[in-house]
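Okay, structure first, notes after.
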Amino acid sequence: MANTKKLLMIAYHFPPFQGSSGIQRTLKFATYLHEHGWEPLVLTITPKAYESTSANQLKEIPENLVVERALGLDSARHLAIRGRYFRWMAQPDRWLSWWPGAVWSGMRMIRRHRPAAIFSTSPIATAHMIGLSLCKRSGLPWVADFRDSMTEPGYPRNPKTWEIHRKLEHETVHHCTRAVFTTEPTRQMYSQRYKDIAPSRWAVIENGFDEENFRDAEFDLPAVPLSRPGQITLLHSGILYPIERNPRPFFDALAMLKNSGSINGSRLQIILRATGNDDFYRPLIAELGIGDIVRLEATLSYRDALQEMLRVDGLLLFQAASCNHQIPAKIYEYYRSGRPILGLVDPDGISAKMLSDAKTRHIANIASADDIAKTTVSFLKDLSAGLEPGISKQFAMKHSRKSRTKELALLLDELVES
């Protein structure tokens, strides 16, 4: 394409990383931007920095995509002595060591490939440190993809970490050409926080799902159901944070329902896939006596995780009040799966609104075990009776990764033209 412009993309999450749906945003932008006149160049970290890797999505990296992997270490695993390390070695995060090598590699890529703009993406804050350094050195326009907020009152919880993140956030929003968020409430929050920044410099590009990934998962989808006859299977796929997505009231509700005889392991199984906090939840599940119902399962490949979503009877979504302006990225994959959703969210948050917009009828207050118990009984009853149809394909298709990439391309076109 004669008029192709190049974009330097800085991202920690990139194949062969495994363990978070956050990888999909950068990977799909890098896959589809060429359809809109942009050639991505990816600057990421060496695979040894990842706690978990998988070769499964390496094949999804476009064949001609330039990918540079700068050296970076995880302070907790590579720089610790007897499991301990200095806090400064993990500020703003555990991958601070990625910064010097990435800046060196990034400047070399800029000189060699002459990109028209820089793009860095969270949630790893060091990515924005790299973007900031490259922006200052090169003078190129810079898009800082925050996704969610970097700081909020009480987040990060450690005061020193909060101070460092807020300083980096301030530097980022004042030097970047565009700051991008995944929800409108987050954009509004930053607009109020930084009133000296022109409104035109804030933007929203939501997350989404990839249709090609789902078609691939559906191609040889096993016909055998996950549930035994007469049993309903519910799934939560992804990280369950002990505060931001606290499942304790849900566990309490399950214990209440089991003790009353409303549920048992032969009629209901709940899969919590790749929570990231199994050691924290396992004793709690045992204490409440719901181990016959709740299963903690390990990470799957992305394709297998999508197939599991497509085979269960229903899906669970957790989002607490502390994240009322955030939307879990998996909600879009849940939409595309077409499976019914039981929403355990704060009623005033944007996740509750998203579920309502999708015509989800079973939404409970994540902080109320009584409300969860009541809503779960209703959800299971409707599933058993075939009265819960799930999310319509027509609604889901509004949220494809291709659509989101077009939004990014339009933003980039405007940025370089101005």
Side-chain angles (χ1 to χ4, degrees), residues 21-22 24-25 122-123 145-150 152-155 179-193 199 202-209 234-241 243-247 249-250 253 309 314-372 374-376 378-379 382 387-401 403-404 407:
S21 59
Q24 303 306 319
R25 187 170 174 91
S122 295
D145 184 37
F146 278 88
R147 306 194 192 190
D148 297 326
S149 55
M150 184 178 287
E152 295 182 37
Y155 175 82
V180 177
F181 305 96
T182 55
T183 71
E184 177 59 22
T186 307
R187 187 202 67 80
Q188 292 175 3
M189 180 177 68
Y190 270 75
S191 181
Q192 288 297 311
R193 182 179 298 170
W202 308 117
V204 174
I205 300 177
E206 292 186 24
N207 282 307
F209 73 90
L234 306 182
L235 167 72
H236 180 273
S237 184
I239 297 175
L240 271 179
Y241 302 105
I243 295 178
E244 293 86 348
R245 296 174 188 164
N246 182 14
F250 177 59
M309 264 183 227
L315 298 165
L316 297 166
L317 188 81
F318 294 82
Q319 194 78 322
S322 59
C323 298
N324 267 357
H325 54 275
Q326 299 175 13
I327 303 169
K330 68 176 62 62
I331 197 172
Y332 303 100
E333 294 167 348
Y334 279 14
Y335 284 170
R336 174 56 180 81
S337 74
R339 310 312 301 149
I341 299 172
L342 173 58
L344 309 178
V345 297
D346 185 81
D348 296 324
I350 190 171
S351 293
K353 182 182 184 302
M354 290 283 290
L355 292 173
S356 296
D357 290 346
K359 309 301 182 186
T360 296
R361 297 184 298 115
H362 297 91
I363 303 174
N365 186 339
I366 187 173
S368 170
D370 289 335
D371 191 31
I372 293 172
K374 178 182 176 181
T375 306
T376 299
S378 175
F379 184 62
D382 284 356
L387 299 176
E388 184 55 67
I391 308 302
S392 74
K393 182 78 172 286
Q394 182 180 9
F395 178 85
M397 291 306 294
K398 300 175 184 177
H399 302 280
S400 72
R401 292 284 186 187
S403 296
R404 305 304 190 216
E407 294 175 32

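- Judged by distance alone, the side chain of Thr360 and the main-chain N or O of Leu342 form no donor-acceptor pair under 3.5 Å.
- Proximity of the aromatic rings of Tyr335 and Phe209 is defined here by a centroid distance below 6.0 angstrom, and this criterion is not met.
- Taking the six-membered ring where tryptophan is involved, the planes of Phe146 and Tyr190 are tilted, since the angle between them lies from 30° to 60°.
- Between Glu333 and Arg336 there is no salt bridge, since no side-chain N of the basic residue sits under 4.0 Å from a carboxylate O of the acidic one.
- Using a 3.5 Å distance cut-off with no hydrogens or angles, the side chains of His399 and Arg404 do pair a donor with an acceptor.
- Side-chain polar atoms of Arg25 and Asn207 form a donor-acceptor pair below 3.5 angstrom.
- A 4.5 Å side-chain heavy-atom check between Ile391 and Ile341 finds at least one atom pair inside the cut-off.
- Residues Gln188 and Gln192 bring no donor and acceptor atom of their side chains to less than 3.5 Å of each other.
- The shortest distance between side-chain heavy atoms of Ile366 and Asn246 does not fall below 4.5 Å.
- Side-chain atoms of Tyr334 come within 3.5 Å of backbone atoms of Leu316 as a donor-acceptor pair (strictly under, hydrogens ignored).
- Side chains of Tyr332 and Glu206: a donor-acceptor N/O pair is present below 3.5 angstrom, by distance only.
- In this structure, the side chain of Arg147 engages the main chain of Ser122 through a donor-acceptor pair within 3.5 Å.
- The backbone N or O of His325 sits less than 3.5 Å from a side-chain atom of Thr186, completing a donor-acceptor pair.
- Under a 3.5 Å cut-off, the side chain of Asn365 and the backbone N or O of Asp371 do not form any donor-acceptor pair.
- Salt bridge Asp370/Lys374: absent, no basic N to carboxylate O contact under 4.0 Å.
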